[in-house]
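Structure, as structure tokens:
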Amino acid sequence: MSAEDPPAAGDETTVRTKQNFIQAIVQQDIAAGKNDGKLVTRFPPEPNGYLHVGHAKAICLNFGLAEEFGGRCNLRFDDTNPAKEEQEYVDSIQSDIAWLGFDWGGQELYASNYFEQLYAMAEQLIGKGVAYVCDLSPEQTREYRGTVTKVGTDSPFRDRTVEENLDYFRRMRAGEFEDGARTLRAKIDMASPNMNMRDPVMYRILRATHHRTGDTWCVYPMYDFAHGQSDAIEGVSHSLCTLEFENHRPLYDWFLDHLDLRARPEQTEFARLNLTYTITSKRKLLELVEGRHVSGWDDPRMPTIQGLRRRGYTPESVREFCSRIGVARFNSTVDMVQLENALRDDLNQRAERRMAVLRPLKVVIENYPEDKLEEREAINNPEDESAGTRSIPLTREIYIERDDFREDAPRKYFRLAPDRDVRLRYGYVIHCNEVVKDERGEVTELRCTYLPETADGQPPEDGRKVKGIIHWVSAAHGVTAEVRLYDHLFSTPHPGDVPEGGDCKDNLNPSSLEVLQGCRLERGLADAKPGDRYQFERLGYFSVDPIDSRPDSLVFNRAVSLRDSWAKIEKKGSKK
RNA sequence: UCCAGAGUGGUGUAGCGGUAGCACGCGAGGCUCUGAACCUCGAAGCCGGGGUUCGAAUCCCCGCUCUGGAUCCA
């Protein structure tokens, strides 16, 4: 580059990297020397369900920040409610995070690790006179709390002495009282406009076997009493959570203020991810699984990490998606095509091309000798020369896609039709002479002739223009497989928007799954291994189902179709 | 009704007092042995009203709308 050259548009010195508001906060805090200039974040799932794409956003945020600023991100299971939590979920969550490509240092943490310390903190607050044991029943507690518009009423047990509270709390731990008989509450303000500050419960009595601590405890801390202190214990500097915890921040800070903790984590909230045509609610996803509307948490139609994984998504594409959608404080719904495009962009670069005919229609090339077999050279990936080439056999009888033939070709349709031409990808131009039908009038076979001079992309001698190019598979050499096509799980963009008494399940898309048998794949695909991904030319990206596929009966999942501008044209035409 | 938060093209996101940018989507064209990819061009936006200022998406005030908040859930 000569000295006169203007700086390139992408010049690093001229482009300020765009950052989201949390990156900005972190950068400022580090510059200001907060937490000795060290960033520590955490991802704190409750092990009571499978992770979904919304969690992926939080994971990418927390782990991504740690990577970017040379900090650390802890994986901490928020396991303070033994009634709901299970080891199975712990395992799946770890597997999902690892799949996404993040590293928590091999050492997962648990809020339950801190039960003893949290208990001591509770006694400390009792000692300070800011926590008390309350004998109100759950129902009474609710009544005394008031409503959003009506202030609460002080509990009659609010003014017990420190000694009395300590005694009761120790006996709670010792198991002297029934489940639900007493609670430990923070003495804050029953008239606070923030409901979370109306003497929130810190501990409840609950006899349930905990997945880690077994039966050693019968009192368990509530989320609010566990989360901030767990952050502090771990030296977390930035505690990122979703918007619905905004009203909890004063309480988060209150506990920290009243305990003598060295570290001072800071909670910042961001908007959770919503995606069109699906739901990101653990509860509702569970309903779909339990109601058998899907085959399981890993059904390829599910927005769970396991579902995306099985469908054929790459971890890179999910991370790229998370980076594209950004992070903000505004509740928003991201268009599903964003996710799909992230996958397309990734696989377009990396996936090898193959030919596959999903709905086969036999074509006999009448002037092609029966015993003739040509090996045609095909490019494995036009985006990556190093992927090389392969050879595919061409014979007299082949299969083409039913959709690539129309008896009555609409305007602008430039594939095969009676007395029309089309090019076989990597092969010759063929001309359709005759349409063979069965007694029901259904097209069963096409009789065609090929133009020998049109090999290697050469045009027909008579100057005819052939615009259409279609994929095909030799009838004698293809392998048969099952292919599963997926569409949106819900038929409406905002399935959660339902009228009173409605249910998002009313919006389920009845044709979200289409199973195709007898698909014909190019011969080399016989060796495809579970999880392998390919672009089936002109169709989309497909991967071998890791659960149901067998070497002798392959099952492919369509992860995402290719963009289809013909479908768009046709749709537009039919509207007019 | 009370508290908290948020409103920038269709969607998502930058901008932090000085000509409103990016991505996807959309439209038009080009290229192409994938109607893909790629390239070019284009349409489209600061919730409303007042103020402060030479100058406001940005600061102030008043509205409007949306989201969240009453589990011994997280």
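Chain letters run A, B, ... following the sequence lines, proteins first and then strands; every chain starts at 1. Side chains are part of it too, since the values below use all heavy atoms of this structure and drop only hydrogens, waters and symmetry mates. Predicted model only: the values in this text are computed from it and were never measured.
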Say we look at [N] and [M]: how far apart would their [atom1] atoms be, to the nearest angstrom?
N	M	atom1	answer
rA4(B)	rA23(B)	C1'	32 Å
rG18(B)	rA56(B)	C1'	10 Å
rG27(B)	rU67(B)	C1'	34 Å
rC33(B)	rU8(B)	C1'	45 Å
rU40(B)	rG35(B)	P	22 Å
rG29(B)	rG12(B)	P	30 Å
rA43(B)	rG25(B)	C1'	13 Å
rU58(B)	rA74(B)	C1'	37 Å

Complementary nucleotide of [N], counting Watson-Crick and G-U pairs under 3.5 Å:
N	value
rU58(B)	none
rU13(B)	rG21(B)
rC26(B)	rG42(B)
rU34(B)	none
rG5(B)	rC66(B)

Should [X] be listed as having a side-chain N or O under 4.0 Å from OP1 or OP2 of [N]?
X	N	result
Arg204(A)	rC73(B)	yes
Arg538(A)	rG35(B)	yes
Ser565(A)	rA36(B)	yes
Lys568(A)	rC26(B)	yes
Thr333(A)	rG12(B)	no
Arg145(A)	rC72(B)	yes

With a non-hydrogen cut-off below 4.0 angstrom, is [X] in contact with a base, only sugar-phosphate, or nothing?
X	answer
His248(A)	base
Gln535(A)	base
Asn247(A)	base
Thr276(A)	nothing
Arg344(A)	nothing
Arg329(A)	sugar-phosphate
Lys412(A)	base
Met222(A)	sugar-phosphate
Glu46(A)	sugar-phosphate
Thr141(A)	base
Ser137(A)	base
Leu562(A)	base
Phe414(A)	base
Phe330(A)	sugar-phosphate

Test: Arg354(A) cationic atom under 6.0 Å from Phe542(A) six-membered ring centre, within 45° of axis: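 Negative - Arg354(A) is either too far from the ring of Phe542(A) or too far off its axis.
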query: Does Arg182(A) count as lying over the ring of Phe177(A), i.e. NZ or CZ under 6.0 Å from the six-ring centre, within 45 degrees of the axis?
result: yes
Please state how far atom [atom1] in [X] lies from atom [atom2] in [N], giving the value in whole angstrom units.
X	N	atom1	atom2	result
Met195(A)	rG5(B)	CE	P	18 Å
Phe542(A)	rA36(B)	CZ	P	16 Å
Glu320(A)	rA23(B)	CD	P	13 Å
Leu339(A)	rG12(B)	CG	P	15 Å
Arg423(A)	rA36(B)	CZ	P	18 Å
Arg353(A)	rC33(B)	CZ	P	16 Å
Phe225(A)	rC73(B)	CZ	P	16 Å

Centroid-centroid distance, [X] to [Y], less than 6.0 Å:
X	Y	answer
Tyr203(A)	Phe225(A)	yes
Tyr541(A)	Tyr534(A)	no
His227(A)	Phe245(A)	no

- prompt: Relative to each other, are the rings of Phe77(A) and Tyr110(A) parallel, tilted or perpendicular (30° and 60° limits)?
  reply: parallel
query: Mind checking whether His488(A) and Tyr277(A) have parallel, tilted or perpendicular rings, split at 30° and 60°?
result: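 Ring orientation, 0 to 90° scale: parallel.
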Candidate nucleotides [options], ranked by approach to the side chain of [X] - the nearest:
X	options	result
Lys18(A)	rG35(B), rU13(B), rG25(B)	rU13(B)
Arg415(A)	rG69(B), rG35(B), rA14(B)	rG35(B)
Ser332(A)	rG68(B), rG12(B), rA70(B)	rG12(B)
Pro193(A)	rC72(B), rC3(B), rC24(B)	rC3(B)
Ile569(A)	rG69(B), rC24(B), rG35(B)	rG35(B)

task: Between Glu537(A) and Asp179(A), name the one whose nearest nucleotide on RNA chain B is closer to the 5' end.
output: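 Closer to the 5' end of RNA chain B: Glu537(A).
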task: With RNA chain B as reference, determine whether Asp335(A) or Asn81(A) sits nearer its 5' end, using the nearest nucleotide of each.
output: Asp335(A)
- prompt: Taking all atoms of both residues into account, what is the closest heavy-atom pair of Ala186(A) and Tyr132(A), and its distance?
  reply: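 Closest heavy-atom pair between Ala186(A) and Tyr132(A): O-CE2, 4.1 Å.
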field: Any donor-acceptor N or O pair under 3.5 Å, side chains Arg353(A), Asn381(A)
entry: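 There is such a pair between these side chains.
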